[in-house]
Protein chains: 2
Amino acid sequence: MTAETPDLTKNQRLVFDALSRADGPLSAYTILDQLRDDGFRAPLQVYRALDKLLAFGLVHRLESLNAFVACAHPHCHRHAMIGFAICETCGQVDEFSDEVIEDRLASFAQARGFVPAKTTVELRGQCARCRPN
Amino acid sequence: MTAETPDLTKNQRLVFDALSRADGPLSAYTILDQLRDDGFRAPLQVYRALDKLLAFGLVHRLESLNAFVACAHPHCHRHAMIGFAICETCGQVDEFSDEVIEDRLASFAQARGFVPAKTTVELRGQCARCRPN
DNA sequence: CAATTCATGTTACACAATAACATATCAGGC
DNA sequence: GCCTGATATGTTATTGTGTAACATGAATTG
Ligand SMILES: [Zn+2]
Ligand SMILES: [Zn+2]
Ligand SMILES: [Zn+2]
Ligand SMILES: [Zn+2]
């Protein structure tokens, strides 16, 4: 399942596995707590691993939550824009991408001479299953 | 200039003015420091004012910065989606909205049965003036 | 085997946000 | 005027999030 993950180190592996096990986003300190038994003692151990995992594209940061999720589409990450629909009730996160939005943001940036380095798109709300029907 | 701002209280006014004076986003603690002479002593005084200002739509929160800006378009805030292009070099923030993106996000949500409560769109990068040409 | 680079461990600290509780101010209703 | 509920404010302490600084260990390379 886990495809060609670029040779993670021990700590990176531990953090990545913790995020993969979880069924929702985890804060760095929650990860730290989960890895106490594996020898983790300080936040930096988590943050350093997360930095690498983010660079590898294996993990995403949810800015509006100060939390992290394992990437749901380890494949085609050619997309500059990755969006997240975050349910505030159950905590589930739905990762998506949309070429139209991507193009639109790109042309907006182009028009203004703005060179985007990172794009954040996050929807906070209530998912179908949590919604009173 | 400042249109029909809905009767701000003293603290709300102070915080709003601080954000309006600034030429970029301010963190809550920066605001606190700027308002020491006006009697501000604790973060809560800032956060409480910000909560109201956010509710009034006079201020926006930049999730990827943990910072706040005065709204640049106090008028037509009928838009659900408000985007920000944030220059990581000079700190300038460009507020924009785009109906195409808005529609696209809305139909995405609709299709999934997701009910969005808040939408975050933030571009981090380099603005035209800061870009080596 | 150095020399370099990268991963790791540890302590202390800075920055962001809230909890809990007390006090003050103001608007109606009587 | 006086009570009362609602909102705004002040203050202290605490929790949560993220880094700085420095030391050590392991791997790579010439
Ligand atoms: Zn992904
Ligand atoms: Zn849900
Ligand atoms: Zn605005
Ligand atoms: Zn700039």
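Order of the sequence lines fixes the chain letters, A, B, ..., with proteins taken first and strands second; residue numbering starts at 1 for each chain.
Residue A:Arg61 places at least one side-chain N or O under 4.0 Å from the OP1 or OP2 atom of D:dG18. Look at B:Lys10 and you won't find any side-chain N or O under 4.0 angstrom from OP1 or OP2 of D:dT9. Between A:Ser27 and the phosphate of D:dG16, there is no side-chain N or O to OP1/OP2 separation shorter than 4.0 Å.
DNA chain D lies under 4.0 Å from no heavy atom of any residue of residues 29-37 of chain B. If you check residues 39-47 of chain A against DNA chain D, the residues with a heavy atom closer than 4.0 Å are A:Leu44, A:Tyr47, listed by number.
Using a 4.5 Å heavy-atom threshold, the side chains of A:Cys71 and A:Leu58 count as separate. Annotation: side chain of B:Leu8 is in contact with side chain of B:Leu53 (closest heavy-atom distance under 4.5 Å). When side chains are defined from C-beta on, B:Asn11 does not count as touching B:Arg48, because their heavy atoms never get closer than 4.5 Å.
B:Phe84 is not connected to A:Leu123 by any chain of hydrophobic side-chain contacts under 4.5 Å among Ile, Leu, Val, Met, Phe, Trp and Tyr, and they are in different clusters. Hydrophobic clustering (ILVMFWY, side-chain heavy atoms < 4.5 Å, transitive): A:Leu26 and A:Ile86 are in distinct clusters.
Each of B:Asn66 and B:Arg48 was matched to the nucleotide of DNA chain C holding its nearest heavy atom; the match closer to the 5' end belongs to B:Asn66.
Remark: side-chain polar atoms of A:Arg104 are not paired, donor with acceptor, to backbone N or O of B:Val100 under 3.5 angstrom.
Other residues, nucleotides and ligands contribute at most 12 non-hydrogen atoms within 6.0 Å of the CD atom of A:Gln110. Other residues, nucleotides and ligands place no more than 12 heavy atoms under 6.0 Å from the NZ atom of B:Lys52.
When the options A:Leu62, A:Val59, A:Val46 are evaluated for a side-chain contact (heavy atoms from CB on, under 4.5 Å) with A:Phe68, the one that passes is A:Val59.
First and last contacting nucleotides of DNA chain C toward chain B (any atom under 4.0 angstrom from a heavy atom, 5' to 3' order): C:dA16 to C:dA20.
Following rounding to the nearest Å, B:Leu65 (CG) and D:dT17 (C1') show an atom-to-atom distance of 15 Å. Distance B:Leu8 CG to D:dT9 C1': 16 Å, rounded to the nearest Å. Nucleotide D:dT19 holds its P atom 11 Å from the CG atom of A:Leu50, rounded to whole Å. Distance B:Asp38 CG to D:dT9 C1': 15 Å, rounded to the nearest Å.
Checked by atom type, the side-chain pair B:Glu63/B:Thr120 shows no donor-acceptor distance below 3.5 Å.
One finds the CZ atom of A:Arg129 at 12.5 Å from the CZ atom of B:Phe114 (value rounded to the nearest 0.5 Å).
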